[in-house]
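To start, the structure under review is shown below, and the notes come after it.
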Amino acid sequence: MKRTAKVISMALAATMVFSTSAMAAETFIIGGIGPTTGAAASYGTSVKQGAEIAIAEINGAGGVTVGDTTYELALEWADDEASEDKAPQAYNTVMDAGANAIMGCVTSGACIAITSQTYQDGILQITPSGSAEGCIENDNAFRICFSDPEQGVAMADYMVETMGISKIAVIYNVADEYSSGIQEAFEAEVAAKGGEIVASEAFQTNDVDFNAQLTSIKNTDAEAIYVPAYYQDATYITKQAGELGMSLPFYGSDGWDGVLGTVTDASTVEGVIFTSPFCASVEDEKVVAFVSAYEEAYGATPDQFAADAYDCVYTFKAAMEQAGSIESEDMIAAMPEISVSGQTGDPITFDAAGAAVKDVKFVTIKDGAYTFVE
Amino acid sequence: MALITSILEQLLNGLRIGSVYALIALGYTMVYGIAKMINFAHGDIIMVGAYALYVYVSLLKLPPVLAVILTIITCSVIGITIEKVAYKPLRKAQPLAVLITAIGVSYLLQNLSLLIFKATPIPFGSIIKVPSVKLAGLNISGLTIVTLVVTVAVMVGLTLFINRTRMGHAMLAVSEDKGAAELMGINVNRTISVTFAIGSALAAVAGILYISQYETLLPTLGALPGIKAFVAAVLGGIGSIPGAMFGGIILGIIESMSKAYISTQLSDAIVFSVLVVVLLVKPSGILGKLKAEKV
Amino acid sequence: MTLLEVKNLGISFGGLRAVDGLNMSIEKGALVGLIGPNGAGKTTVFNLLTGMYLPSGGSIKLEGTELVGKSPARISQEGVARTFQNIRLFSQMTVMDNVKAALHNKIKYNLAASFLHTPEYRRKEREMNERAREILQVFELEQYVDYKASNLPYGKQRKLEIARALATDPKLLLLDEPAAGMNPNETAELMETIELIREKFGVTILLIEHDMKLVGGICEYLYVLNFGTELAHGLPEEVLNDPQVITAYLGE
Amino acid sequence: MKKYGKQILYMVIAVGAYAAVMLLVNMGLLSRQMTSLIIPVCMNIILAVSLCLVVGFLGELSLGHAAFMSIGAYSGALVLKSGLPVVVSLPLAVLVGGCCAAVLGFVVGIPVLRLKGDYLAIVTLAFGEIIKSVFNAATPITGGAGGMKKIPAVTTYKNFTFVYILMLLVILLVSYLVNSRHGRAICAIRDNYIAAETIGIKVSRFKTMAFVISAFMAGMGGVIYAGNIGILKPVNFDYNTSIEILVMVVLGGMGNITGSIIAALLLTVLPEMLRGLSNYRMLVYAVVLIAMMLFNNSPMKRILVEKKNMRQAAKIQ
């Protein structure tokens with residue numbers, strides 16, 4: 001049954017190639033999976049929109065040429081609500097729609113929930129933002145964003161070596177893999193570089209009151225506070241620290257990107273430094289083009305999720321071209337050889353483990369605006 | 001010395017969060033004491049209050065005092081409506097049905113606000129601006145003081161209202177025996193409506209103070225404080241007004257202390273364990289009285 | 001032979017002595033009435049006898065076995081069954097299941113049989129059905145077996161409650177105002193039924209009743225309660241003509 | 001005779017459903033999305049039917065069903081990860097998961113002896129939260145917030161037969177139970193626990209029994225979940241999950257096993273068909289809860305019931 005279908009479709013494809021040779025582009029379907037509803041909806045929405053900008057750009061420039069065929073890119077999106085339960089069905093939905101490669105999932109847990117299936121299906125899977133180790137364990141899976149430990153290590157080096165801070169307090173979300181993943185690597189690296197973690201305070205998802213943790217830190221001799229967490233947590237923490245009369249400098253992870261949109265008083269986050277691959281306010285031709293296209297289309301400033309997704313789509317393009325094929329097997333083989341000039345890194349390459357190799361950059365908030373640390 | 005300061009500071013943190021719990025617990029305990037039902041949606045009325053304030057202040061640009069009054073009215077009206085539509089038809093139904101309905105209402109409010117205001121948190125600056133006070137080297141935030149003062153005032157006001165007014169007496173009668181109260185010429189439906197109106201107004205006040213403290217609007221913001229305030233009400237003895245106040249403060253301190261000195265991860269577990277233990281050892285709570293069921 | 005021996009029974013609620021120093025002795029096979037004005041503590045006595053309240057003092061002996069301190073479920077197994085003033089049926093269950101539920105301790109099988117519907121289950125269930133039908137027939141309820149209990153008319157609900165109590169095969173049956181809310185015809189019918197079940201089931205009956213016609217008509221012995229203490233006891237004709245009793249009922 | 005007719009009908013439905021699913025899967029007629037829903041449907045039926053025992057038949061509201069499920073899922077997953085051959089590990093995992101959940105059910109059952117109604121519901125909610133916190137904290141065993149990973153995917157649609165049999169077993173056991181001496185005791189407690197006591201039913205014993213049985217089955221459901229998703233995170237067993245199961249039971253008509261099964265099927269498949277409307281889904285659930293309760297206690301329902309009674313009465317005469 002299945003085989004017959006395959007033969008027929010191959011025959012059809014063959015006749016199409018012969019009859020229309022250079023004409024009418026084929027479609028390469030990118031199956032995007034991420035939350036567009038629920039608590040994590042903003043991440044999924046950013047990824048979806050960032051990818052759409054890249055796809056429009058590529059298609060506008062004539063699509064992707066692989067051998068004799070030109071492919072138009074298309075995005076088939078499925079909402080996984082950032083849930084491990086929904087992700088497998090979301091994956092199957094985009095596969096039913098004929099996805100040629102998978103962009104996702106946006107969140108780590110959901111991503112891990114589909115890895116064994118994508119591996120079995122042998123399909124190329126690139127997660128734009130799934131930062132946990134487990135996301136790219138299999139040979140068919142790659143990642144655009146930093147891994148959690150990578151960020152922690154980079155920030156530890158920066159704080160201890162560049163800034164010369166030796167006594168550091170950490171506040172992290174113990175119920176969140178991203179946050180605790182960074183925290184672990186960070187603390188180990190600080191110790192390795194001769195610094196000292198004077199307080200390591202945990203909180204949990206949906207916590208809004210950090211006074212207990214901050215008070216504990218206040219009674220140590222910490223010189224700075226590192227908060228690997230999302231911007232919403234950072235908002236509460238910086239505000240409550242101010243109310244407690246604390247004036248220690250804050251350092252953060254890339255989850256802080258967006259914090260200016262959630263604080264009621266920008267002065268509470270003035271001077272914070274966080275790792276981020278992307279900064280929308282940079283005067284770079286490529287970034288400006290992306291940001292203005294995004295703003296025009298969606299009336300919002302793109303964040304790093306959008307930028308990661310943008311780069312993800314260009315990575316698919318590069319893999320198709322390098323492989324000279326749209327078969328996942330060939331594209332996967334081509335991945336280590338490609339180099340992408342993207343928003344979050346230039347160049348972006350991929351190591352044997354499937355992680356993107358790109359520089360970690362530091363962003364600070366100056367006069368109420370994001371800017372790269374010089 | 002440093003340890004003592006740190007313990008004092010943590011106690012203060014407990015007081016800060018505890019006074020919010022206390023305020024919410026007052027509403028819980030009142031509705032439970034009189035209508036004899038756990039109003040699961042109470043926490044979500046707090047959320048409604050916070051969003052209402054945001055709409056009046058930030059979107060409609062009304063002066064703060066007017067906005068606060070409108071917020072309280074809005075919540076009262078919603079409280080009465082919920083009672084009329086969802087709870088009143090079930091007054092003679094089994095408790096299970098009422099409980100499930102209350103859960104439904106709670107979900108309804110959360111998801112309506114999710115649809116209207118979306119899941120993305122909305123920052124909303126405090127409208128209450130009180131400078132913090134320095135006392136013996138301790139920094140007490142102005143909002144904590146305001147919350148405490150409001151909670152105590154509400155507690156005293158409620159006690160006076162229930163013991164000194166006709167409506168208050170009617171409430172006591174309804175809480176004792178609905179049937180008998182009806183026979184005595186008390187309008188039970190109206191009394192329960194007023195109870196819900198007051199309970200929701202208290203939730204509105206709690207919502208205003210809560211949002212001033214944390215400055216971020218989320219559709220689920222009321223859920224956890226609501227449940228914890230319920231724990232506080234049970235701890236203090238449900239139905240008892242001073243008990244709610246007392247339970248709220250104690251719970252806040254337990255939570256702060258366990259976060260600071262035991263484990264942040266287990267602090268919720270500790271709070272809920274307190275509930276289980278109280279219900280097992282003294283189901284009537286610390287200040288409550290137990291009624292035997294009539295056979 | 002004495003079936004029930006109550007000695008110096010008392011209970012207080014928050015300082016109020018609801019029942020105080022009560023003594024009762026009921027012969028096997030007797031039909032005894034417990035009467036008294038409203039609030040005299042009659043139902044409280046039933047609650048004490050069935051273990052729903054723990055007395056603050058005294059003893060209750062059923063055929064020499066002490067009942068005080070035993071759980072209601074245990075007391076039921078010892079052989080005391082009751083009905084309630086405000087009917088307490090298993091309202092969502094069928095008439096048949098109401099009676100079968102009461103056969104709980106009479107016809108037993110284990111959990112495994114319940115889960116797997118083993119041959120033992122089938123045999124015992126058949127036995128239960130037969131027994132339940134037998135009892136229901138006495139009350140002329142056999143055609144209502146598939147009715148939900150709550151859908152029965154009031155009078156039949158009262159009967160079903162008695163039927164359910166009898167299914168536990170009690171030695172002592174406590175009836176709490178069985179004629180409440182019945183018209184004279186129904187009451188007369190009920191009196192016959194009570195006589196009948198005493199004969200057929202050989203059960204001793206203690207009943208609370210306000211209807212003096214019923215009490216005078218069928219009870220062989222009466223206890224009169226007032227303010228939680230015994231006012232009088234004796235044969236109906238004596239007791240009902242006792243001036244003290246009349247005063248208690250009619251006031252000064 | 002009538003009774004046997006019904007049993008035969010159920011048997012035909014059970015075998016028919018199995019045959020239909022197998023046929024569709026093997027002929028490749030089912031989309032991947034639908035295929036991936038097969039196991040979640042079975043799992044939700046197990047969960048709904050087990051919760052139905054407590055909510056529908058015992059008449060107590062449990063807001064911690066997801067906690068029982070999570071205990072089963074985690075303990076079962078440990079067995080699945082042990083490296084035993086699947087033929088051994090899967091049944092063993094289901095058994096271990098069920099037993100661990102049952103033990104928790106027993107622990108929860110202790111307060112049940114003293115509480116009922118509102119307070120009991122709150123205690124089950126509290127237990128759910130406590131279990132979640134403990135799983136979050138017990139990182140060495142459970143993987144903490146990051147979750148327990150790499151659980152062998154043993155309960156996919158390829159093992160449909162096993163899961164289906166398990167599901168049938170749960171349905172059969174619960175329906176047999178409620179039609180027995182023990183089930184009648186449980187229902188009697190629901191309808192009037194005071195009267196139940198006076199006819200010799202040990203209320204606390206049967207309440208605990210209902211909780212333990214329900215927990216055991218929820219635990220088995222949890223193992224199916226673990227083997228289906230491959231990653232377990234404490235957040236996925238929160239209050240909302242318990243409510244979703246509760247909605248199935250309520251929509252099914254509380255105390256109606258067939259209703260629970262149909263509701264579980266619908267509420268698993270429909271949201272997938274209406275993908276992207278999940279914000280509305282929860283809203284609809286809320287409305288369902290309220291509307292069902294209001295309808296059940298409305299004059300309209302009473303009229304319907306009375307009509308049915310009239311028909312019944314007419315039949316007798």
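This one's a predicted model, so the numbers in the text were calculated from it and none came from an experiment. A note on names: the letters A, B, ... follow the listed sequences, proteins ahead of strands, and every chain is numbered from 1.
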Heavy-atom closest contact (B:Val276 atom, D:Ala126 atom, distance): CG2-CB, 4.1 Å

Euclidean distance, B:Tyr87 OH relative to D:Ile290 CD1, rounded to 0.5 Å: 8.0 Å

Kindly indicate, with the supporting measurements, whether the criterion side-chain contact (heavy atoms from CB on, under 4.5 Å) is fulfilled by B:Ile100 and D:Met254. CA-CA 11 Å; B:Ile100 291 176; D:Met254 292 213 290; 3.8 Å; yes

The reported gap from CD in B:Gln110 to CG in D:Asn240 (rounded to nearest 0.5 angstrom) is 7.5 Å

Kindly indicate, with the supporting measurements, whether the criterion side-chain contact (heavy atoms from CB on, under 4.5 Å) is fulfilled by D:Leu289 and B:Thr101. CA-CA 6 Å; D:Leu289 283 179; B:Thr101 310; over 6 Å; no

Please classify the contact between D:Val55 and chain B as side chain, backbone, both or neither, with a heavy-atom cut-off of under 4.5 Å. both

Taking the inter-plane angle between the rings of B:Phe40 and D:Tyr239 on a 0 to 90° scale, is it parallel (under 30°), tilted (30 to 60°) or perpendicular (over 60°)? parallel

B:Lys84, NZ atom: more than 12 neighbouring heavy atoms under 6.0 Å: yes

Might you point out which heavy atoms bring B:Gly104 and D:Ala286 nearest each other, and give the distance in Å? O-CB, 3.4 Å

Pick whichever of D:Leu63, D:Asn296, D:Ile243, D:Val134 has the most heavy-atom pairs under 4.5 Å with chain B. D:Ile243

Within the 3.5 Å criterion, strictly below it, is a donor on B:Asn111 or D:Tyr285 matched to an acceptor on the partner's side chain? no

Using side chain to side chain contact (heavy atoms under 4.5 Å, CB included) as the criterion, point out the one residue from D:Ile122, D:Ile130, D:Leu125 that pairs with B:Leu275. D:Ile122

How many angstroms lie between CE in D:Met293 and CG in B:Leu96, if you round to the nearest 0.5 Å? 6.5 Å

So for B:Ile227, is it side chain, backbone, both, or neither that comes closer than 4.5 Å to the heavy atoms of chain D? side chain

Heavy atoms only: give me the nearest D:Ser133-B:Leu266 pair and the separation to one decimal. O-CD2, 4.2 Å

Return yes if some donor-acceptor pair links the side-chain N/O of B:Gln265 with the main-chain N/O of D:Asn136 below 3.5 Å, else return no. yes

Worked verdict on D:Tyr119 versus B:Ile238 for side-chain contact (heavy atoms from CB on, under 4.5 Å): CA-CA 11 Å; D:Tyr119 278 2; B:Ile238 201 147; 2.8 Å; yes

Measure B:Leu108 against the heavy atoms of chain D and call it side chain, backbone, both or neither at under 4.5 Å. both

Is B:Leu90 in contact with chain D via its backbone, its side chain, both, or neither, using a 4.5 Å heavy-atom distance? side chain

